[in-house]
Q: 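Can you keep this structure in mind? I'll have questions shortly.
Excluded from the calculations below are hydrogen atoms, water molecules and symmetry mates; all remaining heavy atoms, backbone and side chain alike, are included. Note that ligands are numbered from 1 as they come in the structure, with each ligand's atoms numbered from 1 the same way.
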Amino acid sequence: MIYGERIRLRRNERSDIPKFVEWLNDPEVRRYLLMNLPISQANEEQWFENMLKLPGNEQPFGIEIREGVPEYGNDHWRLIGNCSFMNINLTVRSAEVGLFIGEKSCWNKGYGTEVMRLLLCTGFETLNLNRIFLRVDEGNKGGIRAYEKAGFVHEGRFRQETFQNGEYGDMLLMSVLRKEWNPEK
Ligand SMILES: CC(C)(COP(=O)(O)OP(=O)(O)OC[C@H]1O[C@@H](n2cnc3c(N)ncnc32)[C@H](O)[C@@H]1OP(=O)(O)O)[C@@H](O)C(=O)NCCC(=O)NCCS
């Protein structure tokens, strides 16, 4: 487990699949995930099998929050989304990160920012990366704000990189370099 203040990251299990099918078929959740079409349980089961063949550092993490009251003995961890390192380049020591929070009641509560902070800490302190970057749809204002709060800076723009509802949109590139990373942020 990788523990943050209010969340923890753990490996995905097969039992997570039904939640992913539910979340990724919600148009609001998948709006900025470059997934335009519905997915099935079988699609996600195939994704899971392919995921197990990825290098360990690129296998995703489930995002869990703690609920209940420990004193009452009813506390437990609840899955709310997923995140991962991708496209790790060991020559220049860079990696892309991505996340989604499928539980919409958990949006705008700071969890996305906390996930990104944890990924930055893990990427720099555990994987010994030098640059961590992400791509985000320019319309995803909440995501952009969360990434800025975690310390990502704007680096560039891929013009007309997305196509949704009959319109092209731009994709923004954001990154953090090891030397500018502030663990306190
Ligand atoms: C994008 C996502 C990861 C953000 O996570 P989150 O937990 O909601 O983000 P946070 O609460 O940490 O931060 C969101 C910030 O954006 C702000 N925000 C939300 N909507 C906004 C809008 N339309 N305009 C401006 N700011 C907005 C929030 O107020 C908050 O800022 P604040 O803390 O200063 O008030 C999450 O909403 C999500 O998973 N969405 C669906 C999938 C997705 O888009 N994934 C990302 C692909 S790059």
Side-chain angles (χ1 to χ4, degrees), residues 2-10 12 16-39 43-44 47 51 58 60-67 77-88 94-123 129 131-165 167-176 181-185:
I2 300 173
Y3 286 94
E5 279 173 36
R6 299 177 300 157
I7 62 170
R8 72 177 186 183
L9 307 182
R10 62 149 172 84
N12 286 128
D16 297 338
I17 291 174
K19 272 287 167 201
F20 294 155
V21 175
E22 176 193 323
W23 291 332
L24 297 174
N25 275 316
D26 181 331
E28 281 189 292
V29 174
R30 67 161 192 252
R31 181 171 173 199
Y32 296 121
L33 293 176
L34 302 180
M35 299 176 66
N36 296 324
L37 298 172
I39 60 157
N43 290 149
E44 274 307 281
W47 170 85
M51 179 275 287
E58 297 197 7
F61 301 109
I63 304 164
E64 291 187 323
I65 58 171
R66 192 171 210 160
E67 291 186 329
W77 291 93
R78 179 162 71 109
L79 184 71
I80 62 163
N82 239 38
C83 63
S84 64
F85 290 98
M86 302 166 284
N87 301 317
I88 295 180
S94 73
E96 180 170 6
V97 284
L99 89 153
F100 77 87
I101 294 174
E103 209 60 69
K104 289 190 286 189
S105 61
C106 292
W107 287 359
N108 297 319
K109 292 184 175 171
Y111 292 123
T113 306
E114 195 175 332
V115 170
M116 276 307 177
R117 288 183 179 135
L118 263 190
L119 289 176
L120 288 174
C121 184
T122 305
L129 296 171
R131 175 174 173 268
I132 297 175
F133 66 96
L134 60 81
R135 286 176 277 183
V136 57
D137 189 302
E138 68 170 344
N140 192 349
K141 303 299 181 199
I144 294 167
R145 173 85 185 116
Y147 309 147
E148 287 171 344
K149 282 193 296 176
F152 283 82
V153 298
H154 290 266
E155 194 171 75
R157 173 182 292 267
F158 300 97
R159 295 181 302 156
Q160 300 198 353
E161 178 75 359
T162 66
F163 187 76
Q164 272 197 330
N165 302 320
E167 287 186 0
Y168 289 104
D170 292 355
M171 187 73 87
L172 306 182
L173 182 63
M174 303 177 75
S175 72
V176 187
W181 174 57
N182 176 2
E184 307 301 324
K185 190 161 179 180

Q: Heavy-atom distance to atom 41 (C) of ligand 1: which of Trp107, Tyr32, Phe100, Trp23 wins?
A: Trp107
Q: Please tell me if the side chains of Ile63 and Leu79 come closer than 4.5 Å, counting only heavy atoms from C-beta onward.
A: no
Q: Any atoms of ligand 1 less than 4.0 Å from a non-hydrogen atom of Leu99? List them with their elements.
A: 3 (C), 45 (N), 46 (C), 47 (C)
Q: Can you name the closest pair of heavy atoms from Ser94 and Phe133 and give their distance?
A: OG-CE2, 4.3 Å
Q: Output the list of atoms in ligand 1 that are nearer than 4.0 Å to some heavy atom of Gly110, sorted by atom number.
A: 10 (P), 11 (O), 12 (O)
Q: Pick one of side chain, backbone, both or neither for how Leu33 approaches ligand 1, counting any non-hydrogen atom pair under 4.0 Å.
A: side chain
Q: So for Met116, does at least one of its heavy atoms come nearer than 4.0 angstrom to any atom of ligand 1?
A: no
Q: So which of Asn140, Leu172, Thr113 gets nearest to atom 47 (C) of ligand 1, if we judge by its closest heavy atom?
A: Asn140
Q: Counting heavy atoms only, which of Asn108, Asp26, Asp137, Leu134 is nearest atom 19 (C) of ligand 1?
A: Asn108
Q: Going by the closest heavy atom to atom 33 (O) of ligand 1, which one wins out of Met171, Lys141, Lys149, Lys104?
A: Lys149
Q: Strictly less than 4.0 Å: does any protein heavy-atom distance to atom 15 (C) of ligand 1 fall in that range?
A: yes
Q: Can you check whether Met174 reaches His154 side chain to side chain, under 4.5 Å on heavy atoms?
A: yes
Q: Looking at atom 35 (O) of ligand 1, would you say a protein heavy atom lies below 4.0 Å from it?
A: no
Q: Which of the numbered atoms in ligand 1 are below 4.0 angstrom from a heavy atom of Lys109?
A: 11 (O)
